[in-house]
Amino acid sequence: MCFCLTEPSRDRICAFIESQRGRPFSYPEQGATRHEAPRGYTVDRNRIQLGRGAAVFARAVEALRQWKMFDTGWIHLCWPDTPIRVGSTVAIVARHYGFWSLNASRVVYVVDDRGERSRYGFAYGTLTEHAETGEERFTVELRPEDQTVWYDIYAFSRPNGLARAGYPLSRRLQKRFARDSKEAMRRAAVSALSE
């Protein structure tokens, strides 16, 4: 993780992302969010119903592809045009507690189930320059039995480096992100109804 007293420039963010491309994941259990989180981590699961029907699901899928779950006002994903595919590396720029931080993650796997129960999403894992160690999965699902559309965040993590000293603050930020991310996805799905 990189701390900054002012918002990092585009050049600095690009250099940070480039420096992380070949770095290893900071945890050994890549892909564990497909099933069950490993022991020794804090597990978080957050869900929100976005609406009903195929149009809402299509809009939610597009929102994930555009990384809209990061449209929170205090977090910026670099860059929203990064394709969701295995190996894509991104930086998360967050403004919190009077400073800025840069955190690096890489897409571990993609979910694209189109069948009776349609589901789309992906998981990304933390790299060595991240405040946390672990993995986070973002999915949207269209349930066939009632046509409801759900956004789900499933993560396992533990603090890394300086975040250990400020663990209660880190947990507060994680909970804030989950709340704000659900709201961002709700807004994206509702906009499908007003178009």
Taking every non-hydrogen atom, the tightest pair across Asn46 and Ala178: ND2-CB, 3.5 Å
Pairing of Glu18 and Arg21 as salt bridge, 4.0 angstrom limit: yes
Side-chain donor/acceptor of Arg65 to backbone N/O of Pro83, under 3.5 Å: no
Hphob cluster co-occupancy, Trp150 + Tyr154, side-chain heavy atoms under 4.5 angstrom: no
No-hydrogen, no-angle side-chain donor-acceptor test under 3.5 Å, Arg119 and Thr139: no
Gap between atom OG of Ser181 and atom CZ of Arg176 - 0.5 Å precision: 13.0 Å
Contacts of type salt bridge (Lys or Arg N to Asp or Glu O under 4.0 Å), residue Arg172, not counting sequence neighbours: none
Validation row, ring centre Tyr109 to ring centre Phe122 under 6.0 Å: no
NZ/NE/NH1/NH2 to OD/OE distance under 4.0 Å, Arg137 and Asp152: yes
Lys182 bridged to Asp180 by N-O distance under 4.0 Å: no
Approximate separation, where rounding is to 0.5 Å, of Gln49 CD and Arg143 CZ: 8.5 Å
Sidechain-backbone polar pair: Glu136 side chain, Ala123 backbone, donor-acceptor under 3.5 Å: no
Worked check of side-chain contact (heavy atoms from CB on, under 4.5 Å) between Gln147 and Val56: CA-CA 10 Å; Gln147 292 296 296; Val56 172; over 6 Å; no
Side chains of Tyr41 and Glu29, donor plus acceptor under 3.5 Å: yes
Distance-only donor-acceptor check, side chains Ser26 and Thr126, under 3.5 Å: yes
Aromatic ring pairing Trp79/His76, orientation class (parallel under 30°, perpendicular over 60°, tilted between): perpendicular
Side-chain (Asn103) to main-chain (Ala131) donor-acceptor, under 3.5 angstrom: yes
Plane angle bin for Phe156 and Tyr27 - parallel if under 30°, tilted between 30 and 60°, otherwise perpendicular: perpendicular
Close side-chain approach of Pro144 to Arg117, heavy-atom, < 4.5 Å: yes
Residue pairs passing the salt bridge (Lys or Arg N to Asp or Glu O under 4.0 Å) test where at least one lies in residues 71-88, sequence neighbours excluded: Lys68-Asp71
Arg95 NZ/CZ over Trp74 ring centroid, <6.0 Å and within 45° of normal: no
side-chain contact (heavy atoms from CB on, under 4.5 Å) assessment of Val108 paired with Glu135: CA-CA 9 Å; Val108 179; Glu135 191 169 286; 3.8 Å; yes
ILVMFWY network linking Leu127 to Val110, side-chain heavy atoms under 4.5 angstrom: no
Inter-residue atom distance Ile13.CD1 - Trp100.CH2, 0.5 Å rounding: 9.0 Å
Closest non-hydrogen atom pair between Ala60 and Val149, with its separation: CB-CG1, 4.4 Å
Contact summary for Val140 and Val61, nearest pair of heavy atoms: CG2-CG2, 3.8 Å
Evaluation steps, side-chain contact (heavy atoms from CB on, under 4.5 Å), between Leu64 and Met69: CA-CA 7 Å; Leu64 277 186; Met69 64 282 213; 3.6 Å; yes
Chi angles and distances behind the salt bridge (Lys or Arg N to Asp or Glu O under 4.0 Å) call for Glu132, Arg158: CA-CA 6 Å; Glu132 300 292 326; Arg158 59 182 172 221; over 6 Å; no
Path from Ile92 to Met185 over hydrophobic side-chain contacts below 4.5 Å: yes
Salt bridge (Lys or Arg N to Asp or Glu O under 4.0 Å) partners of Glu36, counting only residues at least two apart: none
Student check: side-chain heavy atoms of Asp113 and Ser118 closer than 4.5 Å: no
Linked, directly or transitively: Val90 and Val107 (ILVMFWY side chains, under 4.5 Å): yes
Arg106 (side chain) donor-acceptor with Gln20 (main chain) under 3.5 angstrom: yes
Val93 vs Ile75, side-chain contact (heavy atoms from CB on, under 4.5 Å): CA-CA, chis, key distance, verdict: CA-CA 6 Å; Val93 180; Ile75 290 180; over 6 Å; no
Rounded distance (nearest 0.5 Å) linking atom CZ of Arg186 with atom CD1 of Ile48: 6.5 Å
Derivation and outcome, ring pair (Phe, Tyr, Trp, His ring centres under 6.0 Å), residues Phe138 and Tyr124: CA-CA 9 Å; Phe138 304 93; Tyr124 70 15; 5.5 Å; yes
Working for side chain to side chain donor-acceptor pair (under 3.5 Å), residues Ser9 and Asp11: CA-CA 5 Å; Ser9 68; Asp11 288 345; 5.3 Å; no
Glu62 vs Arg59, salt bridge (Lys or Arg N to Asp or Glu O under 4.0 Å): CA-CA, chis, key distance, verdict: CA-CA 5 Å; Glu62 188 58 28; Arg59 180 66 178 172; over 6 Å; no
Value rounded to 0.5 Å, distance of CZ in Arg10 from SG in Cys78: 8.0 Å
Closest contact, heavy atoms only, Arg171 versus Asp44: NH1-OD2, 2.8 Å
Aromatic ring proximity Phe70/Phe177, centre distance under 6.0 Å: yes
Gap separating the CD atom of Glu141 from the OH atom of Tyr120, nearest 0.5 angstrom: 15.5 Å
Side chain to side chain, Thr89 and Ser105, heavy atoms closer than 4.5 Å: no
